Asker: 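Next up is a structure, given as structure tokens.
Naming: A, B, ... by sequence-line order, numbering from 1 per chain. It should be emphasised that the depicted structure is a prediction, and the values quoted were computed from it without experimental measurement. All values below were derived from every heavy atom in this structure, side-chain atoms included, with hydrogens, water molecules and symmetry-related copies excluded.
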Amino acid sequence: MKHVTTPAAMKFWMEGALALADVEHQGVRIDKTYLEGAITSTTKEINDAEAALRSDKDFKLWRRRFGEKTKPGSYDQLAAVVFRDLGVPSKKRTASGDRESAAAAAFEGLDIPLVKHFLTAAKLKKARDAYLVGIQREMVQHDDGLWYVHCSYNLNSVITFRSSCSNTNYQNNPKRNPKMMETVRKCYISRPGYRQGELDYGQIEVRIPCPYTFDPVLMAYVCDPTKDMHRDMAVQIFKLKPNQVSKALRNLVKADYVFATFYGSYYGLTAPALWEGVDNGNLTLEGSEKTVRQHLTDIGFTELGTIDDEKPEAGTWAAHVRGIDEDFWGKRFKVYAQWKRDWYEAYCRDGGFTMLTGFAVHAPLDKKQVCNSPVQGVAFHCLLWSLTKLVNRLRKYKMQSKVIGEVHDSINLDIHPAELDDVFDMATSIMTEEIKVWAPWLNVPLVCECESSPTDGSWFDVMGMAKRDGGYVPADPAKWQKRFGAWDGQLVTA
DNA sequence: TGAACGAGCCC
DNA sequence: GTACGCGCTCGTTCA
């Protein structure tokens, strides 16, 4: 057998399991009073949204079709009413092809109050039932009289050798939707007198491809802090000057083009996503009132173009993005593209591959999985190695700070205020320097981003920290001041 | 009662 | 020649 998991990888995995057991044992403190209030108020909002749904003029069609079986939470029923009774043309079908898709994306660009009320209620129900009620079900009282959840971290359920988390899943708490994020993350609070801390591996998903591919362009992007791949791609895709790229447009390109394309997407999916994305956020050019949509019209893009087996018609947005794809893999990241071909060919020849961390894989995978899983797996292994070191070192030095969670590329802690600088220095040393001894194959630097809440803060309250004059302070002091008042440094208030 | 499915949240 | 990777949890539907 050519590919065999190394004894070192086995040992690493077992030690990681022990460290995660310690994380599970610590648990995350829950604000029980806030949680109960949030469930009550969210329930009220759900009732209001469902009342609006029931009194909508189109709801009589729903009644007529489903009668006593009417369920205002049913996506099946929503699809029937909208795409049959209202005669709205559907853009896509479900995976099985059984019916029209009723996912939120299928209604983009439509202004149907019935749908708006349904989706408002659905989002609120998600927040309440999957998150708030999930936390409530799992929380337990400790001897200190306070309430905690103890999630399970699993190392045996992910084919890429990442971790997963269940009961409840700490790894998918809302972050993008501001209201949902606030509602849910305020449940997770610090132990009395502690701070919520977060240690992120910055850009790890574009750094780990470097030791596999040695792509010089990618390596230059992650080694030079003045370079910005997402901004560059926004400039190219939207034909702008760098200073016209807003943060929101950069984020759109980052999520819906760069990452999607790295993971194996293509213009057939990314072109429509960008086309609709500029309208969803009503994006404008930086320092201007002009919308990105108007800009696209001005430079001649007035049609998305069709996505089918044929090449999209010249002059359409789809044809333009197709050209971007060709440049992306054919020129900009051509070394990465060649690695993908070589790596997949070797997998087919050998019946498997071995990750940089020594994990052998023999599973039947498609090309995307073969090329993505060694990157995602190894990115997580860097996190797990660091987490294990940190857990063991905090114990060794009898420190009071505790690791309480992990989200693939970040570590969450309850940090004792007196230990704030020490924990951040220790973590930075482990995550950026000591890791190089364990991972000598790293050919680009790894970076650690430190975040903290005020003392007694919640997960909602964490903000970026920066080291100045030997100690850590808010990276954006004005923002911190506005939200929390004076920076409380390492003052011990408990 | 349980499984399949569709949906939506995370990295 | 190909068409976004990996999870967990929920409600609906149906056997």
Asker: From B:dC9, B:dA7, C:dA3, pick the nucleotide closest to the side chain of A:Tyr266?
Answerer: C:dA3
Asker: Expressed as a whole number of angstroms, how long is the span from A:Tyr188:OH to B:dC10:P?
Answerer: 13 Å
Asker: Rounding to an integer number of Å, can you tell me how far A:Arg185 CZ sits from B:dC9 C1'?
Answerer: 10 Å
Asker: Check whether the ring centres of A:Phe359 and A:His381 lie less than 6.0 Å apart, and answer yes or no.
Answerer: yes
Asker: How many Å lie between CD on A:Glu205 and C1' on B:dC10, as a whole number?
Answerer: 13 Å
Asker: Looking only at non-hydrogen atoms, find the nearest pair between A:Phe66 and A:Ala80 and report the distance.
Answerer: CZ-CB, 3.9 Å
Asker: Please evaluate the base of B:dC9 for a donor-acceptor partner in the side chain of A:Arg176 within a cut-off of under 3.5 Å?
Answerer: no
Asker: Just to be sure I understand the geometry, which residues of residues 333-343 of chain A put a non-hydrogen atom under 4.0 Å away from DNA chain C?
Answerer: none
Asker: Does A:Ala102 reach a base, just sugar-phosphate, or nothing at all? Heavy atoms under 4.0 Å.
Answerer: sugar-phosphate
Asker: Just the rounded figure in Å: distance from C1' of C:dC4 to OH of A:Tyr263.
Answerer: 9 Å
Asker: For C:dT2 and A:Arg322 - does any side-chain N or O of the residue sit under 4.0 Å from the phosphate oxygens OP1/OP2?
Answerer: no
Asker: Over 60° means perpendicular and under 30° means parallel, so classify the ring planes of A:Trp343 and A:Tyr212, tilted if in between.
Answerer: perpendicular
Asker: Can you find a side-chain donor-acceptor pair between A:Glu451 and A:Ser410 that sits under 3.5 Å?
Answerer: no
Asker: Starting at CG of A:Asp200 and ending at C1' of B:dC10, how long is that distance when rounded to a whole Å?
Answerer: 13 Å
Asker: I'd like to know whether the aromatic ring centres of A:Phe107 and A:Phe83 sit less than 6.0 Å apart in this structure.
Answerer: yes
Asker: Look at all strands and tell whether A:Ala104 reaches a base, only sugar-phosphate, or nothing, counting heavy atoms closer than 4.0 Å.
Answerer: sugar-phosphate
Asker: What is the distance, to the nearest angstrom, from the CG atom on A:Asn412 to the C1' atom on B:dC11?
Answerer: 13 Å
Asker: Taking only Lys NZ, Arg NE, NH1 and NH2, and the carboxylate oxygens of Asp or Glu, determine whether A:Lys32 and A:Glu36 approach each other closer than 4.0 Å.
Answerer: yes
Asker: Quick check on B:dG6: is either OP1 or OP2 less than 4.0 Å from any side-chain nitrogen or oxygen of A:Ser96?
Answerer: yes
Asker: Tell me what A:Ala103 touches on the nucleic acid: a base, only sugar-phosphate, or nothing, going by heavy atoms under 4.0 Å.
Answerer: sugar-phosphate
Asker: Counting only side-chain nitrogens and oxygens, does A:Lys367 get under 4.0 Å of the OP1 or OP2 atom of C:dT2?
Answerer: no
Asker: When every nucleotide of nucleotides 7-12 of chain C is labelled 5' to 3' by its protein contacts under 4.0 Å (heavy atoms), B for base, S for sugar-phosphate only, - for none, what sequence of letters results?
Answerer: BBBSSS
Asker: If pairing requires Watson-Crick or G-U wobble contacts with both distances under 3.5 Å, which nucleotide is the partner of C:dG5?
Answerer: B:dC11
Asker: Answer with base, sugar-phosphate or nothing: what part of the nucleic acid does A:Ser373 contact at a heavy-atom distance below 4.0 Å?
Answerer: nothing
Asker: Would you kindly compare A:Leu365 and A:Gly268 by the position of their nearest DNA chain C nucleotide and give the one closer to the 5′ end?
Answerer: A:Gly268
Asker: Cut-off 3.5 Å, side chains only: do A:Asn412 and A:Tyr188 have a donor facing an acceptor?
Answerer: no
Asker: Round to a whole Å and report the spacing from CD of A:Gln376 to P of B:dC10.
Answerer: 16 Å
Asker: For A:Gln369 and C:dA3, give me the distance from atom CD to atom P, rounded to whole Å.
Answerer: 11 Å
Asker: Between A:Ser41 and A:Ala38, which heavy-atom pair has the shortest distance, and what is it?
Answerer: OG-O, 3.3 Å
Asker: For A:Asp325 and A:Tyr257, does a side-chain donor sit closer than 3.5 Å to a side-chain acceptor?
Answerer: yes
Asker: Examine B:dG6: is either OP1 or OP2 under 4.0 Å from a nitrogen or oxygen in the side chain of A:Thr94? Give yes or no.
Answerer: yes
Asker: Determine, stepwise, if the pair A:Phe424 / A:Cys448 fulfils side chain to side chain contact (heavy atoms under 4.5 Å, CB included).
Answerer: CA-CA 9 Å; A:Phe424 283 170; A:Cys448 168; over 6 Å; no
